[in-house]
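Have a look at the structure below, then the notes.
For reference, positions follow the sequence shown, starting with 1.
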Amino acid sequence: HPLTEAAETHIGTPYEYGGDSEEGFDSSGFVQYVFNESLGFDLPRTVGEQADLGQPVAKEDLQEGDLVFFSRDEDSGLTHVAIYGGDDKIIHPTVSQGVVVGEMEGSSYWGPRYTEARRVEEPPVVKIPDPTNELAVEAMKYIGSPHQTGGETPEGFDSSGFVQYVVSQVLDFLMPRTLDSQLDYGDEVARDQIQEGDVLYFEDEEGSVSHAAIYVGDDQMVHPSVSEGVEVTSFEKDSYWSGRFLTARRITEGPDIAEENDIVATALQYLGIPYLFGGETPEEGFDCSAFTRYVFEEARNIFLPRSTDQQWSVGQDIALENIQVGDVIFFSDTYREGISHNGIYVGDGKFIHASRSKQVTLAYLSDAYWQEKFTGVKRFTGLEIPKENPIVSEATKYIGEVDYSSGGATPEGFDTAGFVQYAYKQGAGIDIPRYAESQWEIGESVDKGNLQPGDIVFFESSYLNPAIYIGNEQVVHVTLSKGVTVTNMNTNGYWAPKYYGAKRVTK
């Protein structure tokens with residue numbers, strides 16, 4: 001018989017608990033390996049699952065290749081399996097000798113422990129879930145995908161990554177990435193009420209959640225194992241998994257995201273935009289602070305500083321327990337020391353951000369990584385541009401719309417002083433000189449702490465650079481690289497140290 005012939009080639013291979021390769025076998029691992037090697041069958045991994053296969057065989061009708069099962073006692077259930085070799089012989093791994101050919105009825109040890117036998121002549125039929133249960137159907141698609149620690153795509157999964165991926169494909173939302181955080185989602189299900197599509201969670205010996213699977217019915221669950229990748233195994237009939245069951249959750253919908261909030265709605269438009277360090281637009285990609293800045297500008301006409309540490313220096317400090325949708329969460333010591341990352345809170349413990357490893361995506365504040373890096377929360381309210389001031393209203397029309405042009409004094413292109421002159425004339429009907437040095441000679445000097453929207457702020461490098469103060473420590477001005485733009489004059493590392501003075505000009 002091909003099974004017994006294949007089994008005998010492994011005589012002498014050592015016993016290894018959990019072993020299912022030629023380096024070492026336990027009994028069910030040995031049977032699984034021999035069936036695959038000789039008949040091409042993919043059998044389940046455990047003794048209990050293998051005992052559900054094929055047809056029952058009476059002891060007196062045993063033939064070569066049949067599977068014979070043993071129990072330690074009446075209460076322990078099936079604990080061992082062997083391949084029958086004929087003439088009362090069995091081929092199996094023992095703890096003391098490894099794979100051996102031994103007696104069954106003639107053995108004082110195995111004879112009394114014989115329990116039943118099965119004849120397996122066809123591959124086992126894989127459970128086909130109810131087609132109306134999309135989670136169970138989706139989970140079955142990935143049988144055979146490899147196991148990969150940290151994996152969260154069909155190229156490789158760990159258990160929490162597998163659950164996250166399947167749920168995202170069906171329910172179109174991203175669950176947390178860690179098992180601990182996933183336990184907060186869905187409704188708890190009693191063990192005797194588990195249905196297809198429910199997520200099962202298991203604990204380790206210390207009582208911590210350590211594994212997850214998706215139930216597909218008939219006592220079967222789909223999950224990635226280290227040795228086999230994504231596979232179907234028994235739940236209750238497998239003493240390992242049934243003994244480590246922790247809880248089950250039924251997930252039917254995603255978390256509440258405040259899509260009615262203007263900041264959140266704007267941010268969600270850019271899900272999937274790639275990450276680009278230094279990127280500032282949807283066309284080229286975003287880094288984290290540029291994404292936050294872009295969203296606030298588009299949604300509320302709030303112009304934030306460019307970098308994370310600069311953004312951290314403005315706005316209102318908010319305690320985490322008082323966080324609201326639209327607040328910005330800051331993190332430290334990610335890719336560099338200090339405040340280095342941020343994202344926009346969207347509700348239900350989630351935030352949207354430009355992830356360095358991915359793209360604009362959603363994440364959970366409860367994830368261990370973000371908990372470790374969490375620094376604080378800022379609220380950017382009251383930072384809107386005060387457009388009731390006519391000079392500010394005129395000047396801000398051209399933000400991002402007009403480029404720098406040497407000698408330019410019209411919306412076709414501005415230089416620094418030409419821009420200020422134009423805004424004063426068009427916005428308030430005030431004629432001021434054409435060049436910065438002359439502009440500095442007019443008006444009333446103003447202390448930095450008493451600035452008002454519409455005042456002219458001067459910076460000095462190799463020559464004077466005028467700008468228009470628009471409130472909230474911000475100026476609108478013309479730069480060579482960005483044209484008409486907004487800068488926080490106190491947080492910007494380039495402009496802050498170049499502050500020269502300010503003038504207030506009236507009719």
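- Residues passing the side chain to side chain contact (heavy atoms under 4.5 Å, CB included) test with Ser21, sequence neighbours excluded: Glu23.
- Here the side chains of Leu179 and Gln182 are in contact, with some heavy-atom distance below 4.5 Å.
- For the pair Asp327 (side chain) and Gln324 (backbone), a donor-acceptor distance under 3.5 Å is present.
- When atom types are taken as modelled, the side chain of Asn322 and the backbone of Ala319 share no donor-acceptor pair closer than 3.5 angstrom.
- Side-chain contact between Gln310 and Arg293 is absent, with no heavy atoms from C-beta onward closer than 4.5 Å.
- Annotation: ring pair (Phe, Tyr, Trp, His ring centres under 6.0 Å) contacts of Tyr294 (sequence neighbours excluded): Tyr270, Phe286.
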Listing, residues 167-176 side-chain donor-acceptor contacts under 3.5 Å, not counting sequence neighbours, or none:
from, atom 1, to, atom 2, distance (Å)
Ser168, OG, Gln164, O, 3.4
Ser168, OG, Tyr165, O, 2.7

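- The shortest side-chain heavy-atom distance between Glu444 and Lys503 does not fall under the 4.5 Å cut-off.
- In this structure, the side chains of Asp20 and Glu228 come closer than 4.5 Å at one or more pairs of heavy atoms.
- Within the structure, every pair that satisfies the ring-ring contact (aromatic ring centres under 6.0 Å, His included) test and touches residues 463-492, not counting sequence neighbours, is listed here: His477-Trp495.
- Remark: Glu236 pairs with Arg191, Asp219, Ser242 by the side chain to side chain contact (heavy atoms under 4.5 Å, CB included) rule, at least two apart or across chains.
- With sequence neighbours excluded, no residue forms a salt bridge (Lys or Arg N to Asp or Glu O under 4.0 Å) with Asp309.
- The only member of Trp241, Phe162, Phe235, Phe157 that meets ring pair (Phe, Tyr, Trp, His ring centres under 6.0 Å) when paired with His223 is Trp241.
- The backbone N or O of Glu473 lies less than 3.5 Å from no partner atom in the side chain of Asn490, so there is not a single donor-acceptor pair.
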Report all side-chain donor-acceptor pairs from residues 328-345 shorter than 3.5 Å, counting only partners two or more places apart or in another chain.
from, atom 1, to, atom 2, distance (Å)
Ser332, OG, Thr375, OG1, 2.6
Asp333, OD1, Gly338, N, 2.8
Thr334, OG1, Ser340, OG, 2.5
Arg336, NH1, Ile339, O, 3.2
Arg336, NH2, Thr308, OG1, 3.3
Arg336, NH2, Ile339, O, 3.1
Ser340, OG, Asp333, N, 3.4
Ser340, OG, Thr334, N, 3.0
Ser340, OG, Gly338, O, 3.4
His341, NE2, His353, ND1, 2.8
Asn342, OD1, Thr292, OG1, 3.1
Asn342, ND2, Gln311, OE1, 2.6
Tyr345, OH, Asp348, N, 3.3
Tyr345, OH, Gly349, N, 3.0

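- Judged as a ring pair (Phe, Tyr, Trp, His ring centres under 6.0 Å), and not counting sequence neighbours, Tyr435 has no contacts.
- Between Tyr422 and Phe414, the ring planes are tilted. Angles from 30° to 60° get that label.
- With sequence neighbours excluded, the residues that form a side chain to side chain donor-acceptor pair (under 3.5 Å) with Lys141 are Glu138.
- Residues Val222 and Val166 have side chains not in contact (no heavy-atom distance under 4.5 Å, counting atoms from C-beta outward).
- Annotation: side chain of Val377 is not in contact with side chain of Glu321 (no heavy-atom distance under 4.5 Å).
- Formation of a donor-acceptor pair under 3.5 Å by the Asp403 side chain with backbone atoms of Gly483 is not found in this model.
- The side chain to side chain donor-acceptor pair (under 3.5 Å) search around Arg244 returns none, not counting sequence neighbours.
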Next on the checklist: Walk me through whether Lys237 and Thr46 qualify under side-chain contact (heavy atoms from CB on, under 4.5 Å).
Outcome noted: CA-CA 9 Å; Lys237 290 181 181 177; Thr46 67; over 6 Å; no

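- Using a 4.5 Å heavy-atom threshold, the side chains of His147 and Asp158 count as touching.
- The aromatic rings of His211 and Phe202 sit tilted relative to each other, their planes meeting at an angle between 30° and 60°.
- Between Arg177 and Glu152 there is a salt bridge, with a side-chain nitrogen of the basic residue lying less than 4.0 Å from a carboxylate oxygen of the acidic one.
- Scanning for side chain to side chain donor-acceptor pair (under 3.5 Å) contacts around Gln421 gives an empty result, with sequence neighbours left out.
- For Asn472, there are no side chain to side chain donor-acceptor pair (under 3.5 Å) partners two or more places apart in sequence or in a different chain.
- Residues Tyr424 and Ile456 are in side-chain contact: their nearest non-hydrogen atoms beyond the backbone lie under 4.5 Å apart.
- Using modelled atom types, one side-chain atom of Asn261 and one backbone atom of Ile263 make a donor-acceptor pair closer than 3.5 Å.
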